[in-house]
Amino acid sequence: MSFTLYTVGTPNGHKASIALEELKARYGVDYKVYPISFAKNEQKEPWFLKINPNGRIPAIIDHKRNDFAVFESGAILLYLAEHYDPDNILLSADANKKSEAIQWLMWQMGGLGPMQGQANHFNRYAPEKIPYAIERYQNETARLYGVMENHLSDGREYLAGDYSIADIACFSWVASHEWATNKDLSQFPNLDAWLHRLSKRETVVAGMDVPTKNELIANDFKMKLSEEEKERRAKEAREWILKGMKEGTK
């Protein structure tokens with residue numbers, strides 16, 4: 001076994017599993033999955049903090065390189081591209097294309113992920129509804145979608161020209177847009193086309209199903225849940241999120 005992936009079915013977790021599925025399909029790279037339990041706050045246990053001192057997912061252990069550990073989803077994508085992608089399917093060998101892909105990766109890490117993550121939190125998980133916070137982060141998420149929409153308007157199929165880790169990094173976040181924004185992507189037709197283009201890749205579908213089955217692609221990115229079911233799921237997550245926040249301050 002080449003890798004152990006410690007993960008949960010979140011946008012950041014899916015970034016790592018999609019990349020690993022790309023390498024599996026191309027080179028036969030194998031990996032096993034260790035599903036982390038947020039409900040048990042497992043990511044804060046001492047054994048896991050030795051792998052990721054920040055106590056977050058995803059993280060990988062590379063068993064072919066002396067059990068070298070890598071944490072942070074963006075760092076994992078770069079690591080996999082550097083060490084296990086001789087054909088450059090994840091990151092172009094061309095200096096300019098490589099730079100462009102890394103720019104978009106950094107954009108996702110510093111903008112799309114954090115802003116949409118906060119939209120998720122205040123829209124679904126916060127113990128009280130704060131209209132200013134919800135509006136602030138939903139609007140910023142929409143602005144960032146607009147950045148991608150404009151960039152894709154020149155007819156390019158992928159963010160950096162060729163398919164790359166830039167697309168992988170952004171896909172799983174955009175895929176969960178409805179949970180964060182309560183809206184579809186009808187005002188972003190180029191972004192919507194990009195999302196559906198990626199969803200046709202078998203490796204993307206496989207990566208989204210790690211560590212458990214994900215229905216977003218099968219449901220055309222629509223949350224086919226009643227408002228009661230959405231709130232039930234949010235309530236379940238809210239309990240361990242708030243518990244983790246309290247324990248994280250100790």
Side-chain angles (χ1 to χ4, degrees), residues 7-19 52 54 56-59 70-81 90-92 96-126 130-154 156-199 204 207-208 216 221 241:
T7 192
V8 178
T10 67
N12 282 335
H14 287 144
K15 288 155 65 174
S17 55
I18 290 172
N52 181 358
N54 195 39
R56 296 287 190 272
I57 62 91
V70 186
F71 66 92
E72 285 295 326
S73 57
I76 291 171
L77 294 180
L78 289 169
Y79 180 88
L80 294 175
L90 296 179
L91 193 59
S92 176
N96 288 351
K97 289 183 178 180
K98 180 178 181 179
S99 176
E100 188 173 3
I102 292 174
Q103 289 172 54
W104 281 102
L105 173 63
M106 297 300 119
W107 177 88
Q108 184 279 313
M109 297 290 293
L112 180 62
M115 295 300 102
Q116 187 170 326
Q118 292 299 316
N120 284 337
H121 180 81
F122 286 106
N123 188 42
R124 301 290 181 183
Y125 306 128
I130 305 174
Y132 171 80
I134 295 171
E135 182 180 10
R136 162 78 175 92
Y137 291 111
Q138 286 184 337
N139 286 348
E140 180 61 9
T141 299
R143 186 192 72 80
L144 293 166
Y145 288 175
V147 171
M148 297 180 72
E149 171 71 16
N150 184 64
H151 184 65
L152 293 163
S153 67
D154 65 359
R156 66 178 63 211
E157 293 189 339
Y158 303 107
L159 290 172
D162 299 327
Y163 177 74
S164 72
I165 57 175
D167 302 287
I168 294 172
C170 295
F171 173 83
S172 53
W173 283 98
V174 179
S176 58
H177 57 269
E178 187 179 330
W179 188 249
T181 68
N182 303 324
K183 296 179 181 179
D184 61 23
L185 295 178
S186 56
Q187 69 182 103
F188 306 109
N190 295 310
L191 180 60
D192 186 62
W194 168 87
L195 185 69
H196 284 84
R197 187 175 303 119
L198 287 171
S199 73
V204 171
M208 288 290 284
L216 279 174
F221 305 104
I241 288 171

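When reading the values below, keep in mind they use all heavy atoms of this one structure, side chains included, and skip hydrogens, waters and symmetry mates. Just so we're clear, the structure is a prediction, and the values are computed from it rather than from any experiment.
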Say you draw a straight line from [atom1] of [X] to [atom2] of [Y]; how long is it, rounded to the nearest 0.5 Å?
X    : Y    : atom1 : atom2 : answer
S164 : W104 : OG    : CH2   : 11.0 Å
S73  : I18  : OG    : CD1   : 11.5 Å
L159 : D167 : CG    : CG    : 4.5 Å
R136 : T141 : CZ    : OG1   : 9.0 Å
N190 : N150 : CG    : CG    : 9.0 Å
D162 : L90  : CG    : CG    : 12.0 Å

With a 4.5 Å limit on heavy-atom distance, are the side chains of [X] and [Y] in contact?
X    : Y    : result
K183 : H177 : no
S186 : D192 : no
I102 : L78  : yes
T7   : S17  : no
L216 : S176 : yes

Evaluation steps, side-chain contact (heavy atoms from CB on, under 4.5 Å), between M115 and L144: CA-CA 9 Å; M115 295 300 102; L144 293 166; 3.8 Å; yes

What pair of heavy atoms forms the shortest contact from [X] to [Y], and how long is it?
X    : Y    : answer
L91  : A101 : CD1-CB, 3.6 Å
A180 : N120 : CB-OD1, 2.9 Å
C170 : W107 : SG-CZ3, 4.0 Å
S172 : P11  : OG-O, 2.7 Å
L105 : G74  : CD2-O, 3.9 Å
A19  : L77  : CB-CD2, 3.5 Å

[X]: partners by ring-ring contact (aromatic ring centres under 6.0 Å, His included), with sequence neighbours left out:
X    : value
F171 : none
W173 : none
F71  : none

Less than 3.5 Å apart, any donor N or O on the side chain of [X] or [Y] sitting next to an acceptor on the other?
X    : Y    : value
S153 : E149 : no
K15  : Q108 : yes
N123 : W179 : no
N12  : T10  : no
Y145 : Q116 : yes

query: For E140, which residues count as a side-chain hydrogen bond (donor to acceptor under 3.5 Å, both in side chains) partner, sequence neighbours excluded?
result: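 Result, side-chain hydrogen bond (donor to acceptor under 3.5 Å, both in side chains) vs E140: R143.
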
message: Between V174 and L185, is the side-chain contact (heavy atoms from CB on, under 4.5 Å) condition met? List the steps.
response: CA-CA 9 Å; V174 179; L185 295 178; 3.9 Å; yes

task: Could you tell me whether the side chain of R197 and the main chain of E157 form a donor-acceptor pair under 3.5 Å?
output: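 Yes; at least one donor-acceptor contact below 3.5 Å.
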
field: Main-chain N/O of M208 paired with H14 side-chain donor or acceptor, under 3.5 Å
entry: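 Present.
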
message: Can you tell me how the ring of F221 sits relative to the ring of H196, calling it parallel under 30°, perpendicular over 60° and tilted otherwise?
response: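 The arrangement is perpendicular - the two ring planes meet at more than 60°.
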
message: In terms of relative ring orientation, are Y163 and Y158 parallel, tilted or perpendicular, with 30° and 60° separating the classes?
response: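 Rings of Y163 and Y158: perpendicular, as their planes differ by over 60°.
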
- request: With sequence neighbours excluded, give me every salt bridge (charged side-chain N to carboxylate O under 4.0 Å, His left out) pair touching residues 99-125.
  value: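 Listed once each, the pairs are E100-R156.
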
task: Quick one: list whatever passes salt bridge (Lys or Arg N to Asp or Glu O under 4.0 Å) with K98, sequence neighbours left out.
output: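 Salt bridge (Lys or Arg N to Asp or Glu O under 4.0 Å) list for K98, sorted by chain: empty.
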
